[in-house]
Chemist: 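Structure incoming, see below.
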Amino acid sequence: MDLLRRVMRRGAEPATARWRPLLHEAVNRLDGFVPRRVLLLVDGERPDSSGGAVEAAFPGAEVVVLDGGNHEDLFAAAAGQAQADLVVDARVSPAAQKYWAFRRLFLSLRDGGRYVVLTIPDEDPASDRTPPAAVVDPYRRPVEVTPPAGSLDDWLTTLQGARRWSIARRRRELTQLERQLVPAVGEVVRADEIRIITKVGEHLLKLDPAGTRSALVRRGVRHREITRRPARTVSTPVRLHSNAPEFSAARFPATEEVPELVCRTYEDVVCAPRQVVSVAGLLLPESYVQPWRRPLGQLTGNTTASEYGTAPVRDGGLLELAGTYFHLDNEVPGHYGHFLTHDLTRLWAWDEALAAFPDLRILLSGTGDENAAPGFVLEMLAAFGIGPDRVTVLAGPTRVERLVTATQAFQQPLFLAPEAAVAWSRVRDSLVRSAGEVTVPTHAFVGRTDQTRRACRNGVEVERRFAEAGFEIVHPELLPLAVQAKLFAQAEVIAGYAGSGMINAVWSQRPATRIVISSRSYPAINEYHLARLFGSDLHYLWCDPDVPVPESGMTKQAFHSGFAVDLERDGTMLDELLGSTGTI
């Protein structure tokens, strides 16, 4: 049954006699509230007959009737149409179903909208009052969520009371969606069998790329496509060696499914710092580092909660930018590795976008007290051919006249498209030329100056072994950018700890040997992707983390856990490797 049923006639009689007086009373209690768009939830067997009463109550409003039989589909139904001012849940349903519908739909309302629940008694008092099967809350997985004891009323009371809780208590006792609902639930009118909840604030719907495209079409949003690259399967072999072959086989994909890469333009876009892009109440896929993975979210910012993001706001209203801008932002502005992998890899489409819009400018987030673009960012863009006169820094939530977006060609751990090398090689060649005659080592070990995250506890001993084998210990972050690029472009063997230091392998220009030391709890596999792209020999030395990943899933502590190389277990293998790759 189609979820969306537009009411084509007025005056149809509702099937349930008690429904009409409740609606009439609810309209009176709305106290003159005039909606332009109404969502009506009804039971599946009587969708069309109920809409007429709502249309009669709100003349001139557009009424969309939803079959409320499956609460899992309600979010998709709301996403596929313009934003509503009023939701009316008029189902003869168990309390649990009204609870789940509220979770799915309340945040889809516009700021100041109303959510009306008509608590029509169930004719079958023995009916099931719990959601189907074992429902797992997608907002804080893998915790199983059941409706609170009592009713939707009791849950709303809890949310209102949580305003007085400490932040720590909210994080401990509420799901991510519930924490978002706390400030969004405004006045609650309770009158016998009627509940009216006022929505506070604007929220943005979050869907995967296909869902976003469909919803944009339904909402009448037009875009212009500048260029695209087809989807394909990448299966370039890697010469992989490891101290844990089975673990490596499970961690590293045999092939990579690269989706189509698309460059588009959108009109009237709202952008905010830290990679937030929205159109017509929808967050665009460009708001996420991994838009194909669930749950959608960012490492930072306010868009991590639930299937909704909080709309960016600014005291005094949104800033305005006239003209056309190429979105080149990420969730961690100023992070070297994120800019290399997320932002630069969007520039595969720059030349064609520039041809379409000669006045095109770059739009990105700044850092520091001055909110300026980091020096290394401007240097890389200049090496690509984009001068600082074409760079605009977001000063806050901003309405942009026209925005150009391009799919990032590197989305770790899913895929690395060959198009990424277009940008990297262009920057690399320019940087290497600017490095001049500076000499770089043929064998280098990339050490770390920052030991606060993923620190190797016996790193001194490990690095001593590499130094004795003829490797020069280097710290790329202390070198000029041009020298970093030349080092990774020309070195024969590079070793180091998995992370931002080794990400400089993007500057490779020929096959080489890479030796990576990594904690098993560190899930990023950038080095493997890059070895596939450049045809390198890759040696992985896996280490046990101090904080293992729990069965419930990755934690921040495990992600950043320190580790030690087990020299008793792997020392002989390491010595043999250094004997075959070192200079001594």
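Keep in mind that the numbers below use all heavy atoms, side chains included, and drop hydrogens, waters and symmetry copies.
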Chemist: Using 30° and 60° as the class boundaries, would you call the ring planes of F445 and F466 parallel, tilted or perpendicular?
Modeler: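 Ring orientation of F445 relative to F466: tilted.
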Chemist: Say whether, by atom type as modelled, one donor and one acceptor occur between the side chain of S536 and the main chain of A512 under 3.5 angstrom.
Modeler: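 Confirmed, S536 side chain pairs with A512 backbone.
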Chemist: Which heavy atom of L381 sits nearest to which heavy atom of L364, and what is that distance?
Modeler: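 Residues L381 and L364, closest heavy atoms: CD1-CD2, 4.3 Å.
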Chemist: Between W507 (side chain) and V427 (backbone), is there a donor-acceptor pair under 3.5 Å?
Modeler: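 Side chain of W507 to backbone of V427, a donor-acceptor pair under 3.5 Å: no, none is there.
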Chemist: Taking 4.0 angstrom as the limit, do E260 and R228 come out as a salt bridge?
Modeler: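 R228 and E260: salt-bridged.
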Chemist: Using atom types as modelled and distance alone, determine if a side-chain donor or acceptor of D208 lies under 3.5 Å from a backbone N or O of G211.
Modeler: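 Yes; judged by distance alone, with no hydrogens or angles, the pair exists.
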Chemist: Quick test of your reading of the model: are R426 and D351 salt-bridged, counting only N-O distances below 4.0 Å?
Modeler: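 Answer for the salt bridge query: yes.
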Chemist: Let me see the working for W542 and R251 under side-chain contact (heavy atoms from CB on, under 4.5 Å), right down to the final yes or no.
Modeler: CA-CA 11 Å; W542 294 106; R251 178 65 61 90; 3.9 Å; yes
Chemist: So, R510 side chain and Q490 main chain: donor-acceptor pair closer than 3.5 Å or not?
Modeler: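 Looks like yes, one N/O pair under 3.5 Å.
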Chemist: Any side-chain donor-acceptor pair under 3.5 Å between S235 and T255?
Modeler: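 On atom types as modelled, these side chains do not qualify, holding no pair under 3.5 Å.
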Chemist: Do L344 and M380 pass the side-chain contact (heavy atoms from CB on, under 4.5 Å) test, and can you show the C-alpha distance, the side-chain angles, and the key distance before you say yes or no?
Modeler: CA-CA 9 Å; L344 277 187; M380 286 189 202; 3.7 Å; yes
Chemist: For the pair R514 and E527, find out whether any cationic side-chain nitrogen is under 4.0 Å from an anionic carboxylate oxygen.
Modeler: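 A salt bridge is absent here (no side-chain N lies under 4.0 Å from a carboxylate O).
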Chemist: Under the criterion side-chain contact (heavy atoms from CB on, under 4.5 Å), I'd like the reasoning laid out for L394 against C271: C-alpha separation, chi angles, the key distance, then a yes or no.
Modeler: CA-CA 8 Å; L394 277 169; C271 296; 4.2 Å; yes
Chemist: So, does W348 use its side chain to make a donor-acceptor pair with the main chain of A406 at under 3.5 Å?
Modeler: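 Side chain of W348 to backbone of A406: no pair is present.
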Chemist: Quick one, V516 with M502, criterion side-chain contact (heavy atoms from CB on, under 4.5 Å). Give me CA distance, side-chain angles, the key distance, then yes/no.
Modeler: CA-CA 8 Å; V516 183; M502 291 293 283; 4.2 Å; yes
Chemist: What are the two closest non-hydrogen atoms of V393 and S365, and how far apart are they?
Modeler: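 That would be CG1-C, 4.1 Å.
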Chemist: Report, as yes or no, whether the 6.0 Å neighbourhood of atom CG on L478 holds more than 12 heavy atoms from other residues, nucleotides or ligands.
Modeler: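 Counting other residues, nucleotides and ligands, CG of L478 exceeds 12 neighbours.
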Chemist: Could you check whether any side-chain N or O of T212 sits under 3.5 Å from a backbone N or O of L207, counting only pairs where one atom can act as donor and the other as acceptor?
Modeler: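 Indeed, once roles are kept as given, a pair shorter than 3.5 Å links the two residues.
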Chemist: Whether R454 engages the ring of Y497 as a cation-pi pair (distance to the six-membered ring centre under 6.0 angstrom, angle to the ring normal within 45°) should be assessed.
Modeler: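 Judged by the rule, R454 and Y497 form no cation-pi pair.
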Chemist: Mark yes when over 12 heavy atoms from residues, nucleotides or ligands other than E225 sit less than 6.0 Å from its CD; otherwise mark no.
Modeler: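 Count over threshold, so yes.
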Chemist: Could you pull out every donor-acceptor pair under 3.5 Å between side chains of residues 571-579 and any protein atom, sequence neighbours left out?
Modeler:
{"unit_1": "D575", "atom_1": "OD1", "unit_2": "R465", "atom_2": "NH1", "d": "3.2"}
{"unit_1": "D575", "atom_1": "OD2", "unit_2": "R465", "atom_2": "NH1", "d": "3.4"}

Chemist: Using a 6.0 Å distance limit plus a 45 degree cone around the ring axis, check whether R520 lies over the aromatic ring of F563.
Modeler: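 Judged by the rule (NZ or CZ under 6.0 Å from the ring centre, within 45° of its axis), R520 is not positioned above F563.
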Chemist: Are H529 and F410 close enough, and set up right, to give a ring-ring contact (aromatic ring centres under 6.0 Å, His included), and what steps lead you there?
Modeler: CA-CA 9 Å; H529 286 293; F410 190 8; 5.4 Å; yes
Chemist: Would you say the side chain of H560 lies within less than 4.5 Å of the side chain of Q557, judging by non-hydrogen atoms?
Modeler: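 Sidechains of H560 and Q557: no contact.
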Chemist: Taking the ring of F75 and the ring of Y308, is the distance between their centroids below 6.0 Å?
Modeler: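 Judged by ring-centre distance (under 6.0 Å), Y308 and F75 do meet the cut-off.
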Chemist: Any side-chain donor-acceptor pair under 3.5 Å between E257 and T233?
Modeler: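 Note: E257 and T233 side chains meet the donor-acceptor criterion.
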Chemist: With a 4.0 Å cut-off on N to O distance, would you call D544 and R569 a salt bridge?
Modeler: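 Judged by the 4.0 Å cut-off on N to carboxylate O distance, D544 and R569 do form a salt bridge.
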Chemist: Do R229 and E352 sit within salt-bridge range, that is, some charged N less than 4.0 Å from a carboxylate O?
Modeler: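 The answer is yes: the pair qualifies as a salt bridge.
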Chemist: Could you list the donor-acceptor pairs under 3.5 angstrom formed between side-chain atoms of residues 470-477 and any protein atom two or more places apart in sequence or on another chain?
Modeler:
{"unit_1": "E477", "atom_1": "OE2", "unit_2": "T449", "atom_2": "N", "d": "3.4"}
{"unit_1": "E477", "atom_1": "OE2", "unit_2": "T449", "atom_2": "OG1", "d": "2.5"}

